[in-house]
Amino acid sequence: MEIGFVGLGDMGSLIVPRLMAAGHRVTGWNRTRAKAEPLIAAGMAFADTPRAAAASAEIVFSIVTDGTAVERVALAPDGILAGLREDAVYADMSTIAPHVSRGVAEQFAKAGRVMLDAPISGSPVTIQAGQASVMVGGDETAYERLVPVLLAIGPKVMRVGGNGLACQMKIAVNLLLMVEVICFGESVALAEKGGVDRAVAVEAILKSVAASPVLGYRGPFILEGKMPAKPLADVTLQQKDMLLALDLGRRLGSPVPLAAAANEMMNACRGLGIDHRDFVAAHEVYRRLGGQ
């Protein structure tokens, strides 16, 4: 299948090889061509604009930083909508506010085109392991066309409902993930304060009923010398999703007190100058607050 792919950053650069390995022909675009060079060397065609990436594609994906970036790559004069064929489908995999995603989808509908929100749930670790999941919102017929391609990215694919609802569900999932990881830091710091060795505390949690996939690969980062030089998601990136959860709670009138508390720990990471690290670094905030 002919696929267009817009956004070749940390996530896109891992998704595209999986699509090509499944036999799909990919034409990609990235604001900085240099990031695309390894993919070009592996056989991906490069387009000069998102419009050109969409021109010959049956399915076009995008995965970019935020809602403003989605609007730009999708709706600008040289954007995806301008190049998308009438029989093609556009699926945005970014994590953005549901109302922004719906607004973009409405512009596609007015032009007689179909847009789905299809945010990917996972980190570079889970994508490389072939364990990422994708939730989809939008037209069911378009979703059925998309499923075989999404299964090349990860084995867990589901339709959540109409446009914007996959974005909403992704934010809810990320809220849970972030609170879980930050609470992990709180738990380890408490155990340490009472005299338990940090490595022993991490091992005990990972062998307990509280263990989870995200803690399995992220938890050990807090051990000495284990924090990756390139974070899976630094504090700034992860806090972007936390702010989406807080804003969604405000818009819906749904209380999110644990999200608010977790966001304060992200603020504390920024204040301590450790926001360049993976956000599991909140453990260090707890240790400092506890006088360790």
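Note: hydrogens, waters and symmetry copies are ignored here, and every other heavy atom, side chains too, is used.
Between the side chain of Asp78 and the backbone N or O of Arg51, no donor-acceptor pair lies under 3.5 Å. The main-chain N or O of Val235 is never found under 3.5 Å from a side-chain atom of Asp275 such that the two would form a donor-acceptor pair. At least one donor-acceptor pair closer than 3.5 Å links the side chain of Arg198 to the backbone N or O of Ile222. Put simply, the side chain of Asn163 gets close to the backbone of Met115: a donor and an acceptor are under 3.5 Å apart. At distances below 3.5 Å, not a single donor-acceptor pair connects side-chain atoms of Asn263 with backbone N or O atoms of Met242. Side chain of Lys156 to backbone of Ser121: no donor-acceptor contact under 3.5 angstrom is found. A donor-acceptor pair under 3.5 Å links the side-chain atoms of Asp278 to the main chain of Ala233, judged by distance alone. A donor-acceptor distance shorter than 3.5 angstrom exists from the side chain of Ser123 to the backbone of Val125, with no hydrogens or angles considered. Put simply, the side chain of Arg85 never gets that close to the backbone of Glu58: no donor and acceptor are under 3.5 Å apart. Checking side-chain atoms of Arg218 against main-chain N and O of Val181 turns up no donor-acceptor pair under 3.5 Å.
Taking NE2 from His283 and SG from Cys183, the interatomic distance works out to 12.5 Å, rounded to the nearest 0.5 Å. The line from CZ of Arg113 to CG of Asp87 is 8.5 Å long, rounded to the nearest 0.5 Å. Between the CD1 atom of Ile171 and the OG1 atom of Thr95 there is a distance of 7.5 Å, given to the nearest 0.5 Å. Rounded to the nearest 0.5 Å, atoms OG (Ser101) and CD (Glu71) are 10.0 Å apart. Atoms CD1 and CG, from Ile15 and Leu39 in turn, are 11.0 Å apart once rounded to the nearest 0.5 Å. Between Met178 atom CE and Leu258 atom CG the span is 12.0 Å, to the nearest 0.5 Å.
Listed here is the closest heavy atom pair of Ala36 and Met44: CB-CE, 4.1 Å. Summarising the geometry of Val285 relative to Cys269, their closest heavy-atom pair is CG2-SG, 3.6 Å, with the distance given to 0.1 Å. Scanning all heavy atoms of the two residues, the minimum distance from Asp117 to Cys167 falls at OD2-N, 3.0 Å. Taking each heavy atom of Met11 and Pro124 in turn, the nearest pair found is SD-CD, 4.0 Å. When all heavy atoms are compared, the tightest approach of Ala53 to Ala47 is N-CB, 3.5 Å. The minimum heavy-atom distance linking Gly249 with Val256 is given by the pair CA-CG2, 4.5 Å.
One hydrophobic cluster, built from ILVMFWY side chains closer than 4.5 Å, holds both Val202 and Tyr286. Residues Met135 and Val64 do not share a hydrophobic cluster, clusters being chains of Ile/Leu/Val/Met/Phe/Trp/Tyr side chains in contact below 4.5 Å. Leu190 and Leu215 are assigned to two separate hydrophobic clusters, defined by single-linkage of ILVMFWY side chains at heavy-atom distances under 4.5 Å. When the side chains of ILVMFWY residues are joined at heavy-atom separations under 4.5 Å, either directly or via intervening members, Val100 and Leu252 end up in two distinct hydrophobic clusters. Both Leu206 and Phe221 are part of a single hydrophobic cluster, where members link through side-chain heavy atoms under 4.5 Å apart.
Sorted by first and then second residue, the pairs that involve residues 76-123 and meet ring pair (Phe, Tyr, Trp, His ring centres under 6.0 Å), not counting sequence neighbours, are Tyr90-Phe108.
Within the 4.5 Å cutoff, side-chain heavy atoms of Leu248 are placed close to those of Pro98. Side-chain contact between Met266 and Ile182 is present, with at least one heavy-atom pair separated by less than 4.5 Å. Contact of the Phe61 side chain with the Val16 side chain is not registered, since no non-hydrogen atoms from C-beta on lie closer than 4.5 Å. His24 has its side chain out of reach of Ile59: every pair of non-hydrogen atoms, C-beta onward, lies at least 4.5 Å apart. Side-chain contact between Phe5 and Ile63 is present, with at least one heavy-atom pair separated by less than 4.5 Å.
The existence of a salt bridge linking Glu37 and Arg33 is confirmed by a sub-4.0 Å separation between a basic side-chain nitrogen and an acidic carboxylate oxygen. Classification of Asp10 and Lys230 as a salt-bridged pair holds, one side-chain N sitting under 4.0 Å from a carboxylate O. Under 4.0 Å is where a charged nitrogen must lie from a carboxylate oxygen, and between Arg288 and Glu284 at least one such pair does.
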Note to self: Walk me through whether Val89 and Asp139 qualify under side-chain contact (heavy atoms from CB on, under 4.5 Å).
What the structure shows: CA-CA 10 Å; Val89 175; Asp139 181 77; over 6 Å; no

Next item on the list: Apply the test side-chain contact (heavy atoms from CB on, under 4.5 Å) to residues Val134 and Ile120: give CA-CA distance (whole Å), side-chain angles for both, the deciding distance (0.1 Å), then the verdict.
Entry: CA-CA 5 Å; Val134 182; Ile120 186 166; 4.2 Å; yes

Next item on the list: Please test Lys35 against Ser13 for side-chain contact (heavy atoms from CB on, under 4.5 Å), starting from the C-alpha separation and ending with a verdict.
Entry: CA-CA 8 Å; Lys35 287 187 176 181; Ser13 63; over 6 Å; no

Next item on the list: Run the numbers on Val188 and Arg287 for side-chain contact (heavy atoms from CB on, under 4.5 Å), then give the verdict.
Entry: CA-CA 9 Å; Val188 175; Arg287 292 185 75 253; over 6 Å; no

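For Lys226, the NZ atom counts as loosely surrounded, since its 6.0 Å shell holds 12 or fewer non-hydrogen atoms of other residues, nucleotides or ligands. Sparse packing is recorded around CD of Glu86, with 12 or fewer heavy atoms of other residues, nucleotides or ligands lying under 6.0 Å away. For CZ of Arg18, the number of neighbouring non-hydrogen atoms (other residues, nucleotides, ligands) closer than 6.0 Å is greater than 12.
With Phe279 as the fixed residue, the side chain to side chain contact (heavy atoms under 4.5 Å, CB included) test singles out one of Ile274, Thr236, Asp234, Leu177: Leu177.
Not a single salt bridge (charged side-chain N to carboxylate O under 4.0 Å, His left out) links Asp66 to another residue, sequence neighbours left out.
Under the 3.5 Å distance criterion, with hydrogens and angles disregarded, a donor-acceptor pair is assigned to the side chains of Gln239 and Asn267.
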